[in-house]
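This report concerns only the one structure given below.
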Amino acid sequence: MKRYSAFAIAREAFRHHTGWERAWRSPQPKAEYDVVIVGAGGHGLATAYYLAKNHGITNVAVVEKGWLGGGNTGRNTTIIRSNYLQPSSMAIFEKSRGLYEDLSQDLNYNIMFSPRGVMMLAQTEHELRAWKRTAHANRIAGIESEMVTPQQIQEMIPIIQTAGPRYPVLGGLWQARGGSARHDAVAWGYARAASNMGVDIIQQCEVIGVDRDASGVTGIQTTKGAIRTKKLCIVVAGNSGVLADMAGFKLPVESVALQALVSEPIKPALDCVVMANTVHGYMSQSDKGEMVIGGGADSFNNYTQRGSFHHLEETVRALIETFPMVSRLKMLRHWGGIVDMTGDRSPIIGTTPVPGVFINCGWGTGGFKAIPGSGWATAEMLADGAPRALAAPFALDRFTQGRMIDESVAAAVAH
Amino acid sequence: MFEPRTALQGAHFSGDITVTDAGLVGMIAIRGSLTDPALCAAVAEVTGHPVPATRKMSGDATDGLAWMSADELMLFCAYGDAPTVAARLVDALGDVHSMVSVLSDARAVIRLHGDVVREVLAKGAPVDLAPDQFAQGDIRRSRLGQVAVAFWMTGADSAELVCFRSVAGFVFEWLSTASQSGSAVGYFATPRR
Amino acid sequence: MLRLTCPVCGATGEETEFHAGGEAHLKRFGPGSTDEDFRDYLFQRQNPRGVHFERWRHQYGCGKWFHVARCTQTLEVFGSYTAQTSTVPDHIQSAIKARRPDWEPAQ
Amino acid sequence: MSTRIQSGGRLIDRSRKIGFTFNGQRLTGHPGDTLASALLGSGQVLMGRSFKYHRPRGPVGAGSEEPNALMGLGQGAHFEPNQRATVAELHDGLAATSQNHWPSLDMDVGALNAAMSRFFPAGFYYKTFMAPRSAWKHVFEPVIRKAAGLGKAPTQPDADRYEYFYAYVDVLVVGGGMAGLQAALEAGRAGARVLLLEQTAHLGGRLLSDEVEIDGQPSDIWLAAAVAELQGMDNVTIRTRMMGAGVYDHGYVTGYERLTDHLENATGPRHRLWRIRTDRIVTATGAIERPLSFAGNDVPGVMLAAALRDYVTLYGVTPGDRTVVVTNNDDAYRTAIALKLAGLEVPVILDARDAAIGPLPRQARDLGIRVEVGKGVASVKGGKKVEAVEICSQAGEGTVLETIPCDAVAMSGGWSPVVHLWSHCGGKLVWDVDQAHFRPDASRPPTDHNGAGYVITAGSASGALLSGDAMQDAAAAGRRAAAEVGFIPSEGDAPTAMAEPEEPVQPVWMMPAGASYKLRSKAFLDFQNDVKVSDVQLAAQEGFESVEHAKRYTTLGMATDQGKLSNINGLAVLADSLGTTIPQVGTTTFRPPYTPISMGAIAGEARGAIFKPTRKSPIDGWHDENDAVWEPVADWRRPYTYRRAGETTEQAVHREIRNTRTNVGLLDASTLGKILVKGPDAAKFLDLIYTNMMSSLKPGRCRYGLMCTENGFLFDDGVVVRLSEDSFLCHTTSGGSDGVHAWMEEWLQTEWWDLEVFTSNVTEQFAQVAVVGPKARQLLESLGGMDVSKEALSFMGYAEGELGGIPARVFRISFSGELSYEIGVPASYGRAFWDMLLEKGAALGVMPYGTEALHVMRAEKGFIMIGDETDGTVTPHDLALGWAVSKKKEDFIGKRALQRPDMIRADRKQLVGLATEDPATVLPDGAHAVAGVNEYGDPKTIGHVTSTYFSPTMERSIAMALIDGGAGRMGEVLEFPVGKDSVIRATVVDPVFYDKAGERQDV
Ligand SMILES: Cc1cc2nc3c(=O)[nH]c(=O)nc-3n(C[C@H](O)[C@H](O)[C@H](O)COP(=O)(O)OP(=O)(O)OC[C@H]3O[C@@H](n4cnc5c(N)ncnc54)[C@H](O)[C@@H]3O)c2cc1C
Ligand SMILES: NC(=O)c1ccc[n+]([C@@H]2O[C@H](COP(=O)([O-])OP(=O)(O)OC[C@H]3O[C@@H](n4cnc5c(N)ncnc54)[C@H](O)[C@@H]3O)[C@@H](O)[C@H]2O)c1
Ligand SMILES: Cc1cc2nc3c(=O)[nH]c(=O)nc-3n(C[C@H](O)[C@H](O)[C@H](O)COP(=O)(O)O)c2cc1C
Ligand SMILES: [Zn+2]
C-alpha cells in the first residue's frame, strides 16, 4: 500500500492522479476464515484491524450486506467524548478517545479527529448535580473534564443564549479533548488499513443464515455463498436482533430509528460540540460548515432508516432556544439510522449462548466515539476466546444478574 | 376577599378570533362502565343529559356532558353546584363500581369566537377540523401544540376548549399567538351565520 | 409519522397523540420464576424485522392502551385491538396472513 | 452582455420599477422579477463563488434547482444566508449580498484554490495534513473551515414568527403545472377533497414559457379556465408559494409555505409548515433539465437552455446577446428559437446527435440559425464571463475545430423527472433507456399504512415529457387517485395537448466523448461543491465503487441543491468508469426536504414564551410578585427561594430554614402529585404498586410508600392516605405525578384488568400548602374551622373540614421533622388560602420557603429525595428503607427483581450520613470516595455524595452518600479527593442529623 502524504499528492498532481491505488481490495470470499466478522461498520472494521495489528490474526473476513461504513457509522453526528459516569464506561470510552488522538497517524488516513471540545450544558439543578458527580468520577479516573460557569460558556460559545427564559444555563461539563471526527473517514481508514494487512472486506454480501452443530458455530450462509468459520462475531448494530435470531439466541435489544439533520453550510460560528440534554438539542459545526444536529429516537421498533418528523421539530426548537440564530438557517437534509437499544442503554460485548459466536452490539445512540476502543476490546476477546478487562463488564449475563450499567443516571442520552 | 379565582383570571385576547377565559366552571369526572344501564340511568337522572355516544357531547361548558373515554364522562355545571351534584351522583350510583371526582379546579375552560376558530385550532391540533368532519356535538381530546386539550364546537364560529389548570396560561398565550391579526390561513370556508 | 386507529374510541390520529409501549403479549414473570425467565420477560424482545405486535396508549385521547400489529420494515399496520387480550386475535392473524402469506406466528 | 430586452417578460410589470441593493449597490428591477432576473437585467451575471475552488459563478438555472446564485438576503434580525436568487422574488428595498469571497465578489483571494486545484482532487484531505499531529487542529483545520461554509452566519435572534397548520385531504397534488392542474381537476370533479401546492408564485409550470396547444387552443386559455374551475370548487384548495417538502410514512406530507418573503413590510408569520395527512399524493413536480459535462461548463453565462428561455420569456432579460446553444435533444431548439424571435443572436446550435431532423430543428434552420450536428463544446473560454466557445466533434477527444465568440451558452443534456417526493418514502425508480433518465417505477410505489401505494406521479414527473403524453398521464393520475380514495372519476376524454413532436434524446455524459484529462478536470458535475468529472473517475479508481461511497468521497450531490443538476450526470460518469450501466450503479438516497426549509418553520410557533409549556401552581402569582428565584422541576416552575434585597441565595435559604424551625414556614406544595385510587380492589392494587403493604392502612391514616420499577429500582415515593375503605389518595413527587398515574393505568389496563379499580389524577384540583414549624398549629387555629389539635389529628393522621371558610383536606405529615400540616384546598381557593395564612400568620413570624430550604431540612432529617439519593439504579434496601419493603406480600412490582444475584450483593452501595472532619467544609456535590485501585489501575471509587449542604440548624456541614457496603462502615473515615491534590475526609455517620428521636414532629 502506498502511503498517503502531501508529497504523494504533489507527485500525483503531476500525473493526473493516475497512480492512486484502490483504498481497499474487493476480494471474493474464501471458503473458510479463522474469524468472520459480520458488519463492516466502524466497530466491525476496527475489530478486524486490531485483530490483525495487535494479535497477528489476519485470516479474517468482514462481511457486509451493503457498502462498508453505510450503517450508523456513516450516518451519525460524530460526537466523541469519554466523560461517562460508570467506571466500566469511562474505561472503554477513554481508551477509545485516546486511540482517536493518534488514529490518523496510526492508519495513515486523516480521519480528522478534531478535539474541539464537548460542552454538556446543565439546565436544571438536577442536571448540574449530575454533571458535578460525573466530573468527580472523571477526574479520579484520569479523564480530563471540568465544570465551567455560564459566563465561561458564553465566552467560549458566543452564539449561545445562556440566559434563556425557560432553561437558563446553570453550568456545563466541559471535556476539552472531546470533539468529533469525520465519520466516513473512520470507516474508510480502518478498512484500508485492515485490507492492507490481509483482512478480506466483502461488500454486497448479506449474511442470511448461521450454521451450527452441536459444538457451536460452523459457518455462515451469505448471498455470496457459504463461508466456514469457528469464530463468528456479530457487529451489526440495528440488525443485531435479526442476526441473533439466525444464530438461535435472543438479545436484550430493540431497534429504533434515530435521526439527524444538517443545515446548509455557513462560515464558522460554533467551535465546539454542544449538548443540551434537558431540551434535547445536540449541535456541532463540521469542517464543511454545515451544522450537524442530532435528533431524537422513535419509541417504536423500526427498521426503515426514517424517523418520525416530530422529533426533528423538538430538536430544532431546542436548538433555537439555545442558539437563537439557528432559526434563520435552513435544514438541508435529514435522515435516520437504526440503533440497537439495550435494556440498560449500555453496550454488549461478550460471548453468547452459542459457542463460537461473539457479539458486539447495543451501542445505541452513542457508539461512534467507541469505535477504536470497542474494536480493540473485541479483538482481544476474539483472540483469547474470552473478554479481557475492558470488555468484561459488558457481558450479556448482566441482564440475568441485574448488574445494570446505567449511564442514563447522568444523562438522558449518550451521544 | 378570599374569593375563588380561575387560573386565567378573566383574561381576554382579541385578534383574528377572540380568546376568553370562561370563568369558573363546575367539572365532574365520572368513571364507570358506560355500557352499564344502571350507570347510564343514574347519570342521566342526575345530570339531565343522556350518556353521550363515543366522542360526542351533549350541551356545552355551562351545562353539558361529554364522552371522555370508554369508562369516563365529564360533566359540566355551575361551579358552585359541583360538590352537591357530585354528591347526588355518588348517591344515585350507589353500589355501581364507579368513581366521581370534582375537577372544577383542576381544569381551565377557554372560549374561542370568530370566523377562523377552526383554523386557529388546526394550527396546533392534529385533527381534521373540516366542518363536515368535526361538527357541533363532537368532542375531541387531542393535543394543542405541546399540551393535552379537549375541544368542541359551540356554533359555526365558536368553540370551547378545556385544558389543565397549570398550563392554562400557556394555552392562552398559544391561542393568542396563533390568532394574532394577519395570521388567518384561509383554508376552511368561512362559516355562514 | 404513523397514523393509528384507537380501537377504544375509534379515533384515527397521528403518532404524536399516542405513546408507544413496546412489545405486546409479554407474559409477566414474578416471584418464584427463574432468573432466565425473569430476564426474558424484562429484557429479551422479539424485535423482528417484520410483523410486530406492540402496545400503544392513546395518550392525548381516550387514555387507553391497545395493541397494534405492524410491520417494522414497511410500517404497514394490519390492525389494532384491545389491550385486554393475551394472544393475537384470529381476525388480526388473518389480516396479516392475507397480506403476508408466508408469515407464521412466533412460537 | 446581460441585459433587459425590449420584448417578453410575461411575469414582470414593466410599468413599475422597484429598487434593491446588491453588495450595497443600488439597482432596479420590476415587480414580478426574481432577484436573479433583476440582476441579469442590471448587467450582473456574476453572482457568487463556488464552495471549494471559489470559482466565479452566475446562475445556471431559473428555479429551485439553482446551485450557484446563492446570496445572503435581508439585514440584521432578518438576515438569512444561502438563499437562491433564482427563486427570491424581488421586492422594494431587498438587500442582497453575495457570499464566499474575500475581499469582494470580483476579487477573491480564495480563488487561489482554483489555480491550485490539481492538488485538491476529491478526498485529498484524507491523504494529508496528518503530521505533526497537532497541526490538524491548529493549522490545517482552521484554514479549511474558514474557506468552506458559503454564507455568513446570522448573528441576531430571528425577528420573524412561524407557525404550523394541520390539513387533512383525500388527494394532495404537488405541482401546479399542466399536469398538477389536470390531476387536481380530475380528482376535484370526482368530489375528493383536494389540496394543490405550487412552490412558485405562479400556476402553469412550463406552460408559462412554452406555450402548447390544448384542445386546439393556446394553452393560456386552458390554463385560465383550469385555474378558474379549480378555484370555483369548494372541495379544492390551491396554495402557491408552497412547496411539497417531504413525503413521509402513512400519507404524511410537509408543506412549506412562504408567506412574507416576497413582501417589503409584512405582518403575520413568515413561513407556515403544513403537516398534511392525505390518502393519495399526486406528484406533478415536472422535470429538471440536465447540464452537459464539458470543460468550462461553469463559467458565468453558461446556463440550462430552458432556464435561459425562461429568463427571456418570463422576465425579458438575457445573460448575453450572442448565445451558443449546445444540446443532445430537440427541446433546446426552443431556446434558440425564442432568442432569435426576441432579436438576439444565436451563432450556432451544437447538436451532439448524429442528426437533427425534427420540426424544431427545422424551424430553427428556417430562422437562419446554423445547426451543427455531431458537434459539441470542447471548452468554454472566459473567466468571470463567457467569451467564446471552442467547438469540437462530439465523437473525438476535443480537437478544436472552430472558436465562436459569444457571451452566453445554453446547454441541455436532456430532462430528468423530479422523482424526489416519490422516492422519499421508498418509491423505486427504473432507468428509461429511450429518454435516458430515471423515472418512477409505477409498480413499486412507496406503501402506506394499508400496504397500498400512495404516491402517483403525473406528467413529466412520470417521465411523460411530451405535452400530449403528460396531459394523458396527468388525467389518468388524477382519476386513479380519486378512485382509490373512493370517488367515481370521469371517464370522458382528457384534453389533448399538442406541441411539436420531438426526436429522441441521445445520451451525452461527457463532451466530447473522448475528453482528455485536462478537459475532464474542468468539466463540472456538481457546480456548488466543485466536483468534476475527473473527481468521480478518481473515486472509482480508488475503489469507491458504490454510488454512496462515490458521493461521500467526492461530495457530489451534497451541496445545498442536493444534486438536482448533478446526480444523473455523476452516476453516468461513475458507471462508465466502472464499466457498468447506470441502473447497475443506481442512485443515492433521496431525502427530504426537496429544497432546504427554514429552521424557524420547523420549530413553528414554539419560541419565547411558548417554547415549552410551563406549569404554574395556583399560587404562582404570589411567588412571582415576591422575588422567587425560580427552579424548573419537570414542567413546573417552583420557587427555589425568595431572595430579599441584599441577600445571597444561600442567606435567603438559611433564613427560611431557621424561621421554619423556630416559627412557622409555608411551602407551596401544590405541584406534588395526587392520585385518587378507588374501587373494591383498590387496596389489593396498591399492594402490587407499592413495595409496602397498603391494605393494612386504616382509613384516616397516612403512610409513606415506595414504588419500584419491575427492574427493582426505586422510582417514586410519597404519602398514601386511606380516605375510606375503598379509596386512597396517593401522593407522588412533583415530577412524577403524570408518570405514576400513567403507570397505574398501564398496569390496570394491560396486566390486571380484572381488578375493579378506577384512578383519577387530581393533582391540579388542589392547591397544597405545607404549614411547617413549631407555630404551625397556632397558625391554623387562628384561621378558625376544623379541629387540628393533636388529639383530633395525630401525627400521620388525615381529616377533612374547613379552614377559614375554605374546604380543606389536612394531612399531618412532615418532610422537615417539624410539626407540620399539609393542607389541600380547591385550587381556585389556593391563592386566597395562601394570602390568609400570610395575613393571620404575620404575628407568628410566618415566612414562605422554597424548594432548597425543603431540601436542606429533609437532609437534616435524613430523608431521601427521589433524584438525589436515587438515580435509577438504587433499591429501597440500598437506602436502608427495607422496612418499607413488605416481606409478607406474595408479589409487588419489583419484588422478583430484588431477588436477583446482583441485587442481594452485600457490598452494594448503601446510604450513609457523612460528617466532614472540618464542620465548616461542605463536601462538593457528587464527590466520590476512593479506596485502593480498580481493575483499570485507577483509584477505586467506593461511592459518591448524593446530598450535601451546610445545615444552618446543625451549624455544620451535613451530607448523605451511597457507599459500597456503607451500612457496615459506621465510624470509618473516608477520603474524598475533590480536586488536584485536595482531599476531604469525612466520617461515616447515621444519616439522621436532626432530632433522631422524631420528637418535634409528633407534638
Ligand atoms: C443519527 C445518529 C446519530 C448518532 N450520533 C452519535 C454521536 O454523536 N456519537 C456517537 O458516539 N455515536 C453516535 N451514534 C451511534 C453510532 O453511530 C453507532 O453506535 C455506531 O456507528 C455503531 O457502529 P457499528 O459498527 O456497530 O454499526 P454500523 O455502522 O451500523 O455497522 C453495522 C453494519 O452491519 C451491516 N449488516 C447488518 N446486517 C447484516 C447482515 N445480515 N449481513 C452483513 N452485514 C450486515 C450493516 O449494513 C452495517 O454496515 C449515532 C447514531 C445515529 C443513527
Ligand atoms: N420536451 C421536453 O423535453 C420537456 C421536458 C419537461 C417538461 N416539458 C413540458 O412541460 C410540461 C409538463 O408539465 P408538468 O406539469 O408535468 O411539469 P411542469 O414543470 O410544467 O410543472 C411542474 C410544477 O411543479 C412545481 N413543483 C415542482 N416541485 C414542487 C414541489 N416539491 N412542491 C411544489 N411545487 C413543485 C414546479 O414549480 C412547476 O410549477 C409539458 O408541457 C411538457 O411537454 C417538456
Ligand atoms: C456528519 C455528517 C455530515 C453530513 N453533511 C452532509 C452535507 O453536507 N450534505 C449532505 O447532503 N448530506 C450530509 N450528510 C448526510 C448524508 O448525505 C446522508 O444523508 C447520511 O449519511 C445518511 O445516509 P442516507 O441518506 O444515504 O441514508 C451528512 C451526514 C453526516 C453523518
Ligand atoms: Zn382512543
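Letters go in sequence order (proteins before strands), and every chain restarts at 1.
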Legend entry - Residue D/Asn100 versus chain A: region with a heavy atom under 4.5 Å: both
Inset, instruction - Could you tell me which portion of D/Phe140 (side chain, backbone, both or neither) has an atom closer than 4.5 angstrom to a non-hydrogen atom of chain A? - result: neither
Inset, instruction - Could you look at D/Gln541 and say if it's the side chain, the backbone, both or neither that has a heavy atom under 4.5 Å from chain A? - result: both
Inset, instruction - Measure distances from D/Ala601 to the heavy atoms of chain A and classify the residue's part below 4.5 Å as side chain, backbone, both or neither. - result: neither
Inset, instruction - Answer with side chain, backbone, both or neither: which region of D/Tyr553 has an atom nearer than 4.5 Å to a non-hydrogen atom of chain A? - result: both
Legend entry - Neighbour count above 12 (heavy atom, 6.0 Å) for D/Lys152 NZ: no
Inset, instruction - Sort A/Asp287 into side chain, backbone, both or neither according to what part of it lies under 4.5 angstrom from a heavy atom of chain D. - result: both
Inset, instruction - State, with a plain yes or no, whether a side-chain heavy atom of D/Tyr517 is found less than 4.5 Å away from one of A/His17. - result: yes
Inset, instruction - Check whether any side-chain N or O of A/His126 sits under 3.5 Å from a backbone N or O of D/Val633 as a donor-acceptor pair, and report yes or no. - result: no
Inset, instruction - Using a strict cut-off of less than 4.0 Å between a Lys/Arg side-chain nitrogen and an Asp/Glu carboxylate oxygen, indicate whether D/Glu542 and A/Arg192 qualify as a salt bridge. - result: no
Legend entry - Which atoms of A/Met90 approach chain D - backbone, side chain, both or neither, heavy atom under 4.5 Å: neither
Legend entry - Among D/Tyr162, D/Phe119, D/Phe611, residue most engaged with chain A (heavy-atom pairs, under 4.5 Å): D/Phe611
Inset, instruction - Please work out which of the three classes, parallel, tilted or perpendicular, describes the rings of A/Phe309 and D/Tyr252, given edges at 30° and 60°. - result: tilted
Inset, instruction - Identify the residue among D/Pro596, D/Pro592, D/Pro593 that makes a side chain to side chain contact (heavy atoms under 4.5 Å, CB included) with A/Met331. - result: D/Pro593
Inset, instruction - Side chain from CB out, backbone as N, CA, C, O: work out which of these in A/Arg139 comes under 4.5 Å of a heavy atom of chain D, or both, or neither. - result: side chain
Legend entry - Side-chain ion pair, D/Asp902 and A/Arg398, N-O less than 4.0 Å: no
Inset, instruction - Counting only heavy atoms closer than 4.5 Å, note whether A/Asp344 contacts chain D via side chain, backbone, both or neither. - result: neither
Legend entry - Side-chain donor/acceptor of D/Arg607 to backbone N/O of A/Pro324, under 3.5 Å: no
Legend entry - Side-chain heavy-atom pair A/Glu125, D/Thr851 within 4.5 angstrom cut-off: no
Legend entry - Salt bridge A/Arg116-D/Glu141, side-chain N to carboxylate O under 4.0 Å: yes
Inset, instruction - Check each atom of D/Ser546 against the heavy atoms of chain A and say whether the ones under 4.5 Å are side chain, backbone, both or neither. - result: side chain
Inset, instruction - Select, from A/His334, A/Met404, A/Lys132, the one with the greatest count of heavy-atom pairs under 4.5 Å involving chain D. - result: A/His334
Inset, instruction - Applying side-chain contact (heavy atoms from CB on, under 4.5 Å), run through A/Tyr4 and D/Met130 and close with a yes or a no. - result: CA-CA 9 Å; A/Tyr4 288 162; D/Met130 285 178 277; 4.1 Å; yes
Legend entry - Toward chain D, the part of A/Ile140 with a non-hydrogen atom under 4.5 Å: both
Legend entry - chain D contact via A/Gln285 - which portion, at a heavy-atom distance below 4.5 Å: both
Inset, instruction - With a 4.5 angstrom heavy-atom cut-off, could you sort out which part of D/His78 is near chain A: side chain, backbone, both or neither? - result: both
Inset, instruction - Tell me, with the steps shown, if A/Met112 and D/Tyr126 meet side-chain contact (heavy atoms from CB on, under 4.5 Å). - result: CA-CA 8 Å; A/Met112 304 182 198; D/Tyr126 299 123; 3.6 Å; yes
Legend entry - Segment of D/Asp635 engaging chain A (4.5 angstrom heavy-atom cut-off): both
Inset, instruction - Return yes if some donor-acceptor pair links the side-chain N/O of A/Lys330 with the main-chain N/O of D/Thr560 below 3.5 Å, else return no. - result: no
Legend entry - NZ/NE/NH1/NH2 to OD/OE distance under 4.0 Å, D/Arg275 and A/Glu313: yes
Legend entry - Proximal component of D/Ala77, with respect to chain A [non-hydrogen, under 4.5 Å]: backbone
Inset, instruction - Counting only heavy atoms closer than 4.5 Å, note whether A/Ser308 contacts chain D via side chain, backbone, both or neither. - result: neither
Legend entry - Centroid-centroid distance, D/Trp136 to A/Phe113, less than 6.0 Å: no
Inset, instruction - Measure distances from A/Ser104 to the heavy atoms of chain D and classify the residue's part below 4.5 Å as side chain, backbone, both or neither. - result: both
Legend entry - Most chain A-contacting option - heavy-atom pairs closer than 4.5 Å, from D/Thr595, D/Thr254, D/Val945, D/Asn934: D/Thr254
Inset, instruction - Check each atom of D/Leu273 against the heavy atoms of chain A and say whether the ones under 4.5 Å are side chain, backbone, both or neither. - result: side chain
Legend entry - Heavy-atom contact with chain D under 4.5 Å, split by part of A/Glu290: neither
Inset, instruction - Measure D/Ala606 against the heavy atoms of chain A and call it side chain, backbone, both or neither at under 4.5 Å. - result: both
Inset, instruction - Heavy-atom distances under 4.5 Å only: say whether D/His944 touches chain A with side chain, backbone, both or neither. - result: side chain
Legend entry - Side-chain heavy atoms of A/Trp67 within contact of D/Glu545, under 4.5 Å: no
Inset, instruction - Using non-hydrogen atoms and a 4.5 Å limit, figure out which bit of D/Arg905 sits close to chain A: side chain, backbone, both or neither. - result: neither
Inset, instruction - Pick one of side chain, backbone, both or neither for A/Leu107, based on which atoms fall under 4.5 Å of a heavy atom in chain D. - result: neither
Legend entry - Interchain contact, A/Leu261 with chain D, by part (heavy-atom threshold 4.5 Å): side chain
Inset, instruction - Test A/Arg133 against every option in D/Asp925, D/Asp871, D/Asp868 by the salt bridge (Lys or Arg N to Asp or Glu O under 4.0 Å) rule and name the one that passes. - result: D/Asp871
Legend entry - Contact origin within D/Ser598 toward chain A - heavy atom pairs under 4.5 Å: both
Inset, instruction - Spell out, as yes or no, whether a donor-acceptor pair under 3.5 Å connects the side chain of A/Lys267 to the backbone of D/Ala148. - result: yes
Inset, instruction - Sort A/Pro115 into side chain, backbone, both or neither according to what part of it lies under 4.5 angstrom from a heavy atom of chain D. - result: both
Legend entry - Portion of A/Phe323 that has a non-hydrogen atom of chain D nearer than 4.5 angstrom: neither
Legend entry - Which of D/Lys518, D/Lys612, D/Gln562 touches chain A most, by non-hydrogen pairs under 4.5 Å: D/Gln562
Inset, instruction - Could you grab the distance from atom CD of A/Glu264 to atom CG of D/Asp561, nearest 0.5 Å is fine? - result: 10.0 Å
Inset, instruction - Could I get the full list of salt bridge (Lys or Arg N to Asp or Glu O under 4.0 Å) partners for A/Arg388, not counting sequence neighbours? - result: A/Glu380, A/Asp384
Inset, instruction - Please step through side-chain contact (heavy atoms from CB on, under 4.5 Å) for the pair A/Arg333 and D/Thr589, ending with a clear verdict. - result: CA-CA 11 Å; A/Arg333 185 174 173 102; D/Thr589 305; 4.2 Å; yes
Legend entry - Engaged part of A/Gln123 at the chain D interface, taking heavy atoms whose separation is under 4.5 Å: backbone
Legend entry - Name of the residue among D/Arg270, D/Gln156, D/Met599 meeting side chain to side chain contact (heavy atoms under 4.5 Å, CB included) with A/Arg328: D/Arg270
Inset, instruction - Enter the distance from D/Thr128:OG1 to A/Ile9:CD1 here, rounded to the nearest 0.5 Å. - result: 5.0 Å
Inset, instruction - Go through A/Gly142, A/Ser26, A/Pro87, A/Gly179 and name the one with the most non-hydrogen pairs under 4.5 angstrom from chain D. - result: A/Pro87
